Amino acid sequence: MQKLKPSFYRQPDVLQVAKSLLGQHLVTIVNGQRTAGMIVETEAYAGATDRASHAYGNRRTKRTGVMFDEGGVAYVYLCYGIHYLFNVVTNVQDIPHAVLVRALQPIEGIDIMLARTRKPALQYSLTNGPGSLCKAMHITTADTGLSLTGDKIFIEKATPIKAQDIMAGTRVGVAYAQEDARLPYRFWIKGNPWVSKGKGL
DNA sequence: TATTAGATAAAA
DNA sequence: TTTATCTAATAT
């Protein structure tokens, strides 16, 4: 399998990247253990112009700093004090765009994921949420800034999802973003059971 | 005067 | 629980 090229992440349109990411394989290798999953749900964050983004108004801090880097690196932050959220930084330097990976369909190392999540249930609850996804893939804030073309966390090119199988809707958990919360920046694969929430919109 | 460290507050 | 911001201390 081939890794996505750096140029993929530097596309000027975050929405395009978010959609293109669907169906690709996110893989992490930790302690020699390889785990992989197909991305089935993403959300786009348009940086400076997006109230839902940490980088809204070009707000730059130690934490959000990596979003200002060139596309192709990982941005991991903590939500609600306990959930790690994995984002892919896109666009060029100084444009803090990012795509949040919300759900995965396990492909490789499912047993390893199960061991990490300590939730024996082989249900869709393994990687169907941004928080549990990171646990399963062993992603933490220590991974922020890592290049997605490196050897620990990367995305492999896979069969692209057909346009008619991509659904769009509003993002979740961004009520504070006011009008921006209603933007159709969330994408998922139609009918995939691993998508985090109800698909009915 | 600048940089670093510690402490306190806020968050999502 | 992590992260941000402020205040203080120490070095420059």
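For clarity, every value in this text was computed on a predicted model and none was experimentally measured.
- Side-chain N/O atoms of Ser20(A) and Gln24(A) include no donor and acceptor closer than 3.5 Å.
- Arg102(A) and Glu43(A) are joined by a salt bridge, as a carboxylate oxygen and a charged side-chain nitrogen come within less than 4.0 angstrom of each other.
- Between Gln11(A) and Asn91(A), the side chains place no donor N or O within less than 3.5 Å of an acceptor N or O (distance only, hydrogens not considered).
- By the 4.5 Å side-chain criterion applied to Ile, Leu, Val, Met, Phe, Trp and Tyr, Met67(A) is assigned to a cluster that also includes Tyr45(A), Val66(A), Val73(A), Tyr75(A), Tyr77(A), Leu85(A), Val89(A), Leu100(A), Val174(A), Tyr176(A).
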Pairs: protein N or O with nucleotides 5-9 of chain C N or O, under 3.5 Å:
unit_1: dT5(C); atom_1: OP1; unit_2: Arg59(A); atom_2: NH1; d: 3.3
unit_1: dT5(C); atom_1: OP1; unit_2: Arg59(A); atom_2: NH2; d: 3.1

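- Taking every heavy atom of both residues into account, His138(A) and Asp143(A) meet most closely at O-OD2, 3.7 Å.
- Atoms CZ and CZ, on Phe187(A) and Arg171(A) in that order, are 9.5 Å from each other to the nearest 0.5 Å.
- From Ile107(A), atom CD1 reaches atom CD of Glu156(A) across 9.0 Å, with rounding to the nearest 0.5 Å.
- Taking atom OH on Tyr84(A) and atom C1' on dT3(C), their separation rounds to 12 Å, with Å as the unit.
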Give me the distances for all protein-to-nucleotides 6-12 of chain B N/O pairs that come in under 3.5 Å?
unit_1: dA12(B); atom_1: N3; unit_2: Tyr80(A); atom_2: N; d: 2.9

- Just do the salt bridge (charged side-chain N to carboxylate O under 4.0 Å, His left out) check on Arg34(A) and Glu108(A) with the steps written out, would you? CA-CA 7 Å; Arg34(A) 176 183 160 115; Glu108(A) 294 179 42; 2.7 Å; yes

